[in-house]
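Inspection log for the structure reproduced underneath, given as structure tokens.
Both counts, for ligands and for their atoms, begin at 1 and track the order of listing.
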Amino acid sequence: MRIGVLALQGAFIEHIAMLRRIGVEAVEVRLPEHLDGLDGLIIPGGESTTIGKLATAFNLMEPLKAFGREKPIWGTCAGAIFLSKDAHRSQPLLGLMDITVERNAFGRQIASFETDLVVEALETVEPGGPPFPAIFIRAPLIESVQNGTRVLATLEDGRIVAAQQGHLLATSFHPELTKDDRFHRYFLSLVNSD
Ligand code: GLN
């Protein structure tokens with residue numbers, strides 16, 4: 001199995017390190033040809049406007065859309081914004097996932113925080129595991145999901161922070177910044193079953 005990590009900007013090194021730690025071949029993706037032969041792709045957190053501008057400049061928009069129609073993509077934070085259909089403003093988006101996101105939804109004062117999330121879907125990778133330690137950094141909210149997109153995790157007040165639509169996965173938070181590899185293993189299970 002070979003997983004690519006979009007390496008234009010943001011926390012791509014941490015995703016690659018996590019993938020390698022769980023024994024998966026991980027490669028950096030900067031150009032369209034780097035997508036060849038990959039089984040799945042992770043789009044990291046960072047700044048979604050910058051990722052979108054660079055993806056446009058490197059002619060990656062169409063190849064990424066085509067890849068996501070066929071193969072699993074997981075977007076974390078800015079990556080989730082980039083996967084979405086609607087971010088309430090004009091910026092390059094892949095528009096692959098039927099989710100509407102609200103950027104920087106937590107305001108400046110509490111822009112970054114950590115909280116434990118109950119994520120039932122992770123039972124498939126580790127039955128009876130503890131809540132997931134989720135790190136939010138100027139994070140987006142998944143305001144709404146459409147067309148059968150499944151909500152995977154919410155905050156205690158019900159606001160959505162993880163969703164899945166077939167082989168597409170979006171998380172508002174950063175599993176690659178924790179020691180907990182269950183979300184990465186969950187994504188790999190989507191790659192394996194695709
Ligand atoms: N605030 C960033 C954005 O809107 C996302 C932050 C992150 O990826 N940690 O794109």
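Of all heavy-atom pairs spanning Phe136 and Leu155, the tightest one is CZ-CD2, 4.0 Å.
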Contact table ligand 1 N or O to protein N or O, d under 3.5 Å:
from	atom 1	to	atom 2	distance (Å)
ligand 1	1 (N)	Asn104	OD1	2.7
ligand 1	1 (N)	Arg138	O	3.0
ligand 1	4 (O)	Arg103	NE	2.7
ligand 1	4 (O)	Arg103	NH2	2.9
ligand 1	8 (O)	Gly46	N	2.8
ligand 1	8 (O)	Gly46	O	3.0
ligand 1	8 (O)	Ala78	N	3.0
ligand 1	9 (N)	Ile137	O	2.9
ligand 1	9 (N)	His174	NE2	2.9
ligand 1	10 (O)	Ser48	N	2.7
ligand 1	10 (O)	Ser48	OG	2.8

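Taking the six-membered ring for Trp and thresholds of 30 and 60 degrees, Phe106 and Phe113 have ring planes more than 60 degrees apart, a perpendicular arrangement.
Ile137 shares a hydrophobic cluster with Ile135, Leu177; the chain of contacts runs through ILVMFWY side chains whose heavy atoms sit under 4.5 Å apart.
A salt bridge is defined here as a Lys NZ or Arg NE, NH1 or NH2 lying under 4.0 Å from an Asp or Glu carboxylate O, and Asp98 with Lys85 meets this definition.
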Distance-only check: which donor-acceptor pairs under 3.5 Å involve side-chain atoms of residues 48-56, not counting sequence neighbours?
from	atom 1	to	atom 2	distance (Å)
Ser48	OG	Gln91	NE2	3.0
Ser48	OG	Arg103	NE	3.4
Thr56	OG1	Gly52	O	2.7

Show me the donor-acceptor pairs, under 3.5 Å and distance only, between side chains in residues 6-23 and residues at least two apart or in other chains.
from	atom 1	to	atom 2	distance (Å)
Gln9	OE1	Glu47	N	2.9
His15	ND1	His184	NE2	2.9
His15	NE2	Thr76	OG1	3.1
His15	NE2	Glu176	OE1	3.4
Arg20	NH2	Ala26	O	2.8

